[in-house]
**Student:** 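Just passing along the structure, written as structure tokens.
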Number of protein chains: 2
Amino acid sequence: MDEHTDQTRKPRADAVRNRERVLEAAKAVFNAGGPEASLEAVAKRAGVGIGTLYRHFPTREDLFEAVYRREVEQLSEFAEQLKNAKDPVDALRRWLCSGVEFVATKKGMVAALALAVQSGSELHAFSFERLTKAIGSLLDRAAAAGAMRADVSPEDLLRAFFGMCYMHDQPGWQSSVLRMLDVFVDGLRVQPVVKAKVRAAAKPAKPAAKRKR
Amino acid sequence: MDEHTDQTRKPRADAVRNRERVLEAAKAVFNAGGPEASLEAVAKRAGVGIGTLYRHFPTREDLFEAVYRREVEQLSEFAEQLKNAKDPVDALRRWLCSGVEFVATKKGMVAALALAVQSGSELHAFSFERLTKAIGSLLDRAAAAGAMRADVSPEDLLRAFFGMCYMHDQPGWQSSVLRMLDVFVDGLRVQPVVKAKVRAAAKPAKPAAKRKR
DNA sequence: TTGTTAAGCGGAGGCTCCCTCCGTATCTTC
DNA sequence: GAAGATACGGAGGGAGCCTCCGCTTAACAA
């Protein structure tokens with residue numbers, strides 16, 4: 001805030017402008033061509049040199065994160081809203097569906113998810129944390145209400161979700177994923193007595209379901 | 001038409017030898033470095049020119065398929081054996097678990113799965129068909145026994161499975177996937193009365209039963 | 001205004017990998 | 001053997017990645 005005490009210069013106008021341009025170009029290019037798109041194409045579209053792109057976003061991941069930060073936030077906020085839904089299980093289901101919607105709309109969104117899911121690094125903690133918390137709150141509420149098993153972590157769910165969306169470039173993927181998520185959420189429900197018994201016998205070797213959260 | 005005397009010459013010895021060498025090298029390289037590994041590295045390891053590699057396996061996918069054909073077959077046969085299991089739902093569960101095992105053992109196996117799942121092309125029909133049939137038989141049996149919902153296609157399941165395995169390079173992925181599969185299979189079970197009603201309109205087989213709930 | 005200076009710029013260049021093409025070498029057959 | 005068919009290797013052109021560094025330009029001070 002106070003710029004006289006600390007010796008920081010005002011950031012250069014061209015730098016700010018270029019950063020914005022790159023972001024915009026990246027958004028367009030990634031949404032169209034997916035996360036594998038050429039960074040040189042992004043630079044060209046932005047009308048800057050490749051060096052400039054790399055200075056602003058040293059890695060492809062940095063760029064992804066910057067581009068999809070808003071989307072992640074939206075998704076996260078939507079989870080917040082769903083906290084007030086009556087049926088907590090259905091809330092989760094709806095959140096997942098809207099996630100699918102995101103992926104469908106913005107092809108590059110998968111990149112953001114991949115990032116959130118795959119890299120445990122500090123750098124990209126943002127997306128991961130936001131989404132984990134979003135899911136976590138939904139899961140917790142459902143579990144607290146006794147409507148859902150409690151041995152599944154938000155991370156697990158996030159990964160499963162991402163995994164299913166990963167096939168987002170095949171025909172019919174969307175309805176397939178929705179169907180699978182439906183099944184999945186059903187599986188998450190707390191099972192009625194009879195089945196609980198059956199299941200207990202049915203799965204002998206499952207490594208300790210460690211619950212963290 | 002004319003001279004059918006001996007249409008097929010004996011294949012050249014060096015060609016056969018080289019093909020084998022490439023396969024072996026590819027197996028090693030893919031298992032170690034994953035499906036993205038450089039094909040030139042494979043050629044070098046095999047001690048052949050890059051051209052030779054490409055002649056035998058025109059695409060990366062062809063190579064994957066050749067390398068993991070055996071694994072796919074094993075997986076497929078295991079499904080056959082499971083047909084005799086008492087509990088059909090548990091059979092499915094066990095099959096999926098063994099799939100996870102495969103992925104864990106052979107890093108490149110994901111490539112084979114990706115292939116089977118992603119490319120609808122005729123060329124790579126082999127893995128896809130084998131696995132689809134394998135899953136299909138398990139699903140059918142369970143559905144016939146009335147133990148499992150019938151609106152999930154083998155393709156769906158295969159994709160979901162692959163998706164979950166896709167994160168196979170993170171710490172703890174294996175137990176996470178096992179947990180998720182467990183949930184998933186639970187979701188596949190035919191639900192008790194109350195829910196069964198909701199789902200009464202479920203469609204039988206493969207095509208995207210666009211169920212809306 | 002003008003000068004100083006650091007921040008920022010661009011893109012050449014070195015690298016890896018992809019895949020094709022074709023002159024040469026080798027194997028099979030007669 | 002000789003003739004042909006078949007296979008071999010790797011050069012080469014293309015595309016991307018990323019780094020590096022000389023030049024440009026905006027911010028600030030005088």
Side-chain angles (χ1 to χ4, degrees), chain A residues 2-26 28-30 32-67 108 111 114-115 119 123, chain B residues 2-26 28-30 32-66 108 111 114-115 119 121 123:
Chain A
D2 40 4
E3 62 210 16
H4 55 290
T5 47
D6 99 58
Q7 203 92 0
T8 53
R9 273 169 101 120
K10 193 162 74 174
R12 281 178 59 155
D14 53 349
V16 175
R17 194 186 338 118
N18 281 333
R19 188 173 203 280
E20 214 48 46
R21 278 190 190 164
V22 169
L23 268 181
E24 194 135 341
V29 170
F30 288 147
E36 324 268 54
S38 149
L39 293 189
E40 284 176 349
V42 172
K44 187 177 290 181
R45 184 181 231 269
V48 305
I50 186 67
T52 298
L53 184 149
Y54 273 96
R55 196 169 333 94
H56 285 295
F57 307 99
T59 73
R60 181 179 285 263
E61 282 71 38
D62 292 332
L63 191 46
F64 284 153
E65 181 162 326
V67 169
L115 229 195
S119 94
L123 273 169
Chain B
D2 322 316
E3 51 241 43
H4 274 286
T5 50
D6 185 86
Q7 186 187 352
T8 48
R9 228 176 135 132
K10 194 160 73 173
R12 279 178 57 159
D14 53 349
V16 175
R17 194 184 341 114
N18 280 335
R19 188 172 204 280
E20 214 49 45
R21 277 190 191 164
V22 169
L23 269 180
E24 193 134 342
V29 171
F30 287 147
E36 324 267 54
S38 150
L39 293 189
E40 284 177 348
V42 172
K44 187 176 289 181
R45 184 181 232 268
V48 306
I50 186 68
T52 298
L53 184 150
Y54 273 96
R55 197 169 331 97
H56 285 296
F57 307 98
T59 73
R60 182 179 285 265
E61 283 72 36
D62 292 332
L63 191 47
F64 283 152
E65 181 162 324
L115 229 195
S119 96
S121 86
L123 273 168

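Computed from a predicted model, the values in this text were never measured in an experiment. Chain identifiers are assigned alphabetically (A, B, ...) following the order of the sequence lines, protein sequences preceding nucleic acid strands; residue numbering begins at 1 within each chain. Hydrogens, waters and symmetry mates play no part in the numbers below; they use all other heavy atoms, side chains included.
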**Student:** Tell me which of Gly51(B) and Pro11(B) sits closer to the 5' end of DNA chain C, going by the nucleotide each one is nearest to.
**Tutor:** Gly51(B)
**Student:** Among Ile50(B), Leu23(B), Val48(B), Leu53(B), which residue meets the side-chain contact (heavy atoms from CB on, under 4.5 Å) test with Val42(B)?
**Tutor:** Leu53(B)
**Student:** Round to the nearest Å and state the distance from Glu40(B) atom CD to dA11(D) atom P.
**Tutor:** 11 Å
**Student:** Is there any salt bridge (Lys or Arg N to Asp or Glu O under 4.0 Å) pair reaching into residues 42-58 of chain A, and which pairs are they, with sequence neighbours excluded?
**Tutor:** none
**Student:** Please round to the nearest 0.5 Å and tell me the distance separating atom CG of Leu63(B) and atom OH of Tyr54(B).
**Tutor:** 9.5 Å
**Student:** Out of dC17(D), dC18(C), dC8(D), which has the shortest distance to the side chain of Asn18(B)?
**Tutor:** dC8(D)
**Student:** From C-beta outward on Leu39(A), which listed nucleotide comes closest to its side chain: dC8(D), dC19(C), dC18(D)?
**Tutor:** dC18(D)
**Student:** Between C1' on dG10(C) and CG on Leu53(A), what's the gap in Å once rounded to a whole number?
**Tutor:** 12 Å
**Student:** Kindly indicate whether the side chain of Arg9(B) and the base of dT29(C) share any N or O donor-acceptor pair separated by less than 3.5 Å?
**Tutor:** no
**Student:** Reading DNA chain D from 5' onward, which residue's closest nucleotide shows up sooner: Asp14(B) or Arg55(A)?
**Tutor:** Asp14(B)
**Student:** Nearest to the side chain of Val48(A), which nucleotide is it out of dC18(D), dG10(C), dC8(D)?
**Tutor:** dG10(C)
**Student:** Have a look at Pro58(A) and say if it touches a base, only the backbone sugar-phosphate, or nothing, with a 4.0 Å heavy-atom cut-off.
**Tutor:** nothing
**Student:** What's the CZ-P distance between Arg17(B) and dC27(C), to the nearest Å?
**Tutor:** 7 Å
**Student:** I need the NZ-P distance between Lys44(A) and dA12(C), as an integer number of Å.
**Tutor:** 12 Å
**Student:** Just how far, in rounded Å, is C1' of dC30(C) from NZ of Lys10(B)?
**Tutor:** 14 Å
